[in-house]
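Residue numbers start from 1 in every chain, and the chains themselves are labelled A, B, ... in the order their sequence lines are given, proteins ahead of strands.
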Amino acid sequence: MEAILQYLLTGLSVGSVYAMVGLGFYVMWSAAKAVNFNFGDIVMLGAVLTVVLMDVGVPLLPACLGAVAAAALLAAAIERGFVRPFNREANAIGWMLTTIAVGTMIESATTALFGSNPRRLETPLVEAPLRIGGSGIYPQELLLPVALLVVAVGLEFFYRRTITGRAMRAVAYNRTAAGLVGIDADRMTLLSFGLAGLLGALSGVLIGPVIQASATMGAIIGLKGFLVAIIAGIANARGVVIAGVLYGVSEKFIEAYLSTAARDAIGFSLMVLLLLLFPQGLFGKAEFKKV
Amino acid sequence: MAGRLWTVLARRTAMAAAVAGAVALPAAAQRAEPCIGISMEVTGPLANQGLMLRITLETALEKINAAGGVLGRPLRLVIYDDVGEPARAVDNARRIGERDNCVVMFGGARTPNAIALREPLAEMGLPWIGAISAGTAVIEHPNGKNEWMFRVSMKDRWVTGYLIDQAKARSASGKIGFVYEGTAWGQGALPDIEAAARRAGVTLAGRETFNIGDQDMSAQMIRLRDAGVDTIVLWAVDRESANMLRSMDRIGYRPKIVSAWGLTTAFARAVGPLAEGIMVAGTFNWNGPLSPEAQAAFDAMKAKFPDRIRTTADMEQPSAMANAWDAVHMLAEALKIAGAYDRTRLRDAFYRVNYTGLIADYRPAFIKGNQERHDAILAEHYKLQAFHNGMLMPIEATPYGMRN
């Protein structure tokens, strides 16, 4: 029982990260029908820039805010420089290559400037684990599901109750029609990538103290965030949240009762199977066109 | 007249044969350049190991060249980045052997890369000397015909025996577990560990693996804890080991840990007090008392790289740096014995090197016809170290000091 609780707690924590990163993919896809394939690097930059800012004497909280803001700006810049110019035509796929290329450049530059060693992101919330029913979890890890909840509710509010959010939704529904009613679709797309960057960098800042900040920390997280977005149906935010948490928890139970080594193989096989059964994702809806 | 004709014909035939012979000579028998080519991770997850190698090699070569070089010529270093990928390492070896025509190749950190070089090096007749990659098969080739690869580093087959012995000596319950990364390096160690455990009369109470990049290993640690394992033999590098310690901390599991040398001082910086008491096998420690030669080596590195090396704690790869220091000096000795920048003569000269280095008295460094002894550092030279107050110290200088 104690072990099961442990798997639930750590699964909830890691699943929250996947879900938050998956939400980033959702935000990008909704606005541009394109994503930053190396979004994991934005996650990484959240943690790495926090460490860098703390190195130069910035206190923890301002360092976190500064890092998230800088990473969000970079994510927006990637949209402007590496997605928009390659996503003008219908069915354009050039952005796939350019985002992978820029991600590789970011990772190499980070290795060169930050070093390849993992670095400690010091917060008081990983000094000692909390004991819950015989299991243990760091307070920092408990922040992750809380942050996910706040982010999910905040996104819902933003999309439904703010003018900018509604404008983004309008662009997501029909880019051309949104333009006809005076919405600057390009600007909304830029903002969406910035917002996604904010989510990605925030997840990096929150998980960094637990797994250490390093130039390569975002690769797996980014991949799994994309995976849960696809499983859920990338256009369904609630589905992405549920799929992210479920995937994180199921990973822990696979590790515990099936195979540690084959965990990812099982997870990715599951994804393929689900996509065969539900081509639009678990929570996605098929698109109908009037003819 | 006929006699003169025959003489001319004979001379021309001899000249033609000489020219044809020269063309047919393998690259190995031709003169090479006084350069050491190295393929290592300049970028990638283990780039810090590449940096530490570069610091050591450049400092050692500066010292050798300041004393007049070797055979009257300065030795230079040519560095290629393999990003940790075997295919790139092979490509780099071709550049080093064929385009740069270096007399020798130096090895990087990764065992799979070194294994991928076995055939290309033999084809080119290019001697290789490694200071990190410890895989047994790097030196002990399956066909038993290693002629070109030499190593001044640890050997996994010997390390596993050493770690099992150390774990056995420290385990109160006798229940020892093995935790290893799911890479060629980690997977390759499993049969060696099992064989070493059998030899030592130890039954492994648990074998657990993990993937590169894994953030949580609670499941593995719960299984080991429930199996009663009180001592873990660890085969991993910094990042995943740090995540493993966090997982142990979560469930309140604190076994003794005896690790292969994948753990560096960067690991202690990453996990802070959780690293305290973790033991690591190595060949050398710069934080203990230093011989005059070792002190001079450290001072030279500090002077040449003042931004990176300020104290001995900055020697992030303590054993690898000492290995590389000894390796490059043995290489210089071998070149002097060879008497020429000639790869075949250099290869043969390695067997005649006797050298007193930082780590050992290598007499002889390597033994011809015995590929097991293409390893210069023997198991008897291994030393146990432990993390104490954030530093990797000789175990005698820590509170964990059962002597090895």
Side-chain angles (χ1 to χ4, degrees), chain A residues 2-3 6-7 9-11 13-14 17 104 107-112 115-122 126-131 134-138 140-141 207 209-221 223-224 248 251-265, chain B residues 41-52 81 83-84 179-182 186-187 207-223 225-226 237-243 245-253 264-274 308 316 390:
Chain A
E2 175 197 320
Q6 184 67 53
Y7 303 140
L9 285 172
T10 47
S13 159
V14 74
V17 178
T104 306
E107 195 176 307
S108 296
T110 307
T111 304
S116 64
N117 284 332
R119 293 274 308 275
R120 196 175 178 188
L121 203 173
E122 288 193 58
V126 287
E127 281 174 8
L130 294 173
R131 298 272 159 234
S135 303
I137 189 98
Y138 290 113
Q140 182 75 30
E141 292 175 283
I207 194 70
V210 183
I211 64 168
Q212 332 301 331
S214 70
T216 52
M217 66 177 277
I220 301 284
I221 296 174
L223 183 65
K224 291 190 176 171
E251 262 193 347
K252 294 298 135 195
F253 281 92
I254 291 170
E255 283 175 3
Y257 299 111
L258 290 175
S259 164
T260 311
R263 179 202 59 210
D264 288 340
Chain B
E41 245 167 295
V42 177
T43 58
L46 299 184
N48 64 314
Q49 300 197 4
L51 175 64
M52 292 297 130
D81 185 11
V83 205
V179 179
Y180 60 102
E181 62 176 48
Q187 303 273 9
R207 297 165 187 77
E208 295 291 345
T209 187
F210 57 85
N211 299 310
I212 291 297
D214 274 4
Q215 301 152 21
D216 173 58
M217 297 165 207
S218 301
Q220 295 94 318
M221 295 306 112
I222 286 173
R223 282 196 290 266
R225 183 193 63 187
D226 293 350
V237 295
D238 291 335
R239 183 176 61 173
E240 287 74 24
S241 302
N243 294 341
L245 278 194
R246 291 268 176 222
S247 301
M248 287 177 166
D249 192 38
R250 279 191 202 99
I251 62 172
Y253 178 43
T264 71
T265 50
F267 160 77
R269 287 192 203 120
V271 294
L274 291 178
R308 289 295 312 196
E316 288 181 3

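Contact annotation for A:Glu251: neither backbone nor side-chain heavy atoms come within less than 4.5 Å of a heavy atom of chain B. With a 4.5 angstrom heavy-atom cutoff, B:Glu240 does not touch chain A via any of its atoms. Both the backbone and the side chain of B:Ile251 come within contact range of chain A, each with at least one heavy atom under 4.5 Å from a heavy atom of that chain. Neither the backbone nor the side chain of B:Leu51 comes within less than 4.5 Å of any heavy atom of chain A. Residue A:Ala112: no heavy atom, backbone or side chain, is found under 4.5 Å from chain B. Proximity to chain B (any heavy atom under 4.5 Å) is shown, for A:Ala215, by neither the backbone nor the side chain.
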Item to check | Derivation and outcome, side-chain contact (heavy atoms from CB on, under 4.5 Å), residues B:Val179 and B:Met221 | outcome: CA-CA 9 Å; B:Val179 179; B:Met221 295 306 112; 4.1 Å; yes

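In this structure, B:Ala268 and B:Gly390 approach most closely via the heavy-atom pair CB-O, 3.7 Å.
Using a cut-off of 4.0 Å between Lys/Arg side-chain N and Asp/Glu carboxylate O, B:Arg239 and B:Glu181 are scored as not salt-bridged.
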Please set out all donor-acceptor pairs under 3.5 angstrom arising from side-chain atoms of residues 208-215 of chain B, sequence neighbours excluded.
from: B:Glu208; atom 1: OE1; to: B:Arg223; atom 2: NE; distance (Å): 3.4
from: B:Glu208; atom 1: OE1; to: B:Arg223; atom 2: NH2; distance (Å): 3.0
from: B:Glu208; atom 1: OE2; to: B:Arg223; atom 2: NE; distance (Å): 2.8
from: B:Thr209; atom 1: OG1; to: B:Tyr180; atom 2: O; distance (Å): 2.9
from: B:Asp214; atom 1: OD1; to: A:Arg263; atom 2: NH1; distance (Å): 3.1
from: B:Asp214; atom 1: OD1; to: A:Arg263; atom 2: NH2; distance (Å): 2.6
from: B:Asp214; atom 1: OD2; to: A:Arg263; atom 2: NH1; distance (Å): 3.3
from: B:Asp214; atom 1: OD2; to: B:Asn211; atom 2: N; distance (Å): 2.9

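When the candidates B:Leu274, B:Thr264, B:Val271, B:Asn243 are compared by the number of heavy-atom contacts under 4.5 Å with chain A, B:Asn243 comes out ahead. Note on B:Ser218, B:Pro273, B:Ala270, B:Ala266: by heavy-atom pairs under 4.5 Å with chain A, the leading option is B:Ala270. Of the listed residues A:Ala256, A:Ser259, A:Ser108, the one with more heavy-atom pairs under 4.5 angstrom with chain B than any other is A:Ala256. Residue with the most contacts toward chain B among A:Ser13, A:Ser214, A:Ala261: A:Ala261 (heavy-atom pairs, distance under 4.5 Å). Among A:Val126, A:Asn117, A:Thr111, the residue with the largest count of heavy-atom pairs under 4.5 Å with chain B is A:Asn117. With chain B as partner, the option from A:Glu127, A:Met217, A:Glu141, A:Glu2 having the largest number of non-hydrogen pairs under 4.5 angstrom is A:Glu141. Ranked by non-hydrogen atom pairs under 4.5 Å with chain B, the options A:Val14, A:Thr10, A:Val210 are led by A:Thr10.
The closest donor-acceptor contact from the side chain of B:Arg250 to the backbone of A:Gln6 lies at 3.5 Å or more, if one exists at all.
The CG atom of B:Asp238 sits 8.0 Å away from atom OG1 of B:Thr265, with the distance rounded to the nearest 0.5 Å. Once rounded to the nearest 0.5 Å, the distance linking CD of A:Gln212 with CZ of A:Arg120 reads 8.0 Å.
For A:Glu122, there are no salt bridge (charged side-chain N to carboxylate O under 4.0 Å, His left out) partners, not counting sequence neighbours.
Contact annotation: the side chain of A:Thr260 never approaches that of B:Met217 to less than 4.5 Å [non-hydrogen atoms, C-beta and beyond].
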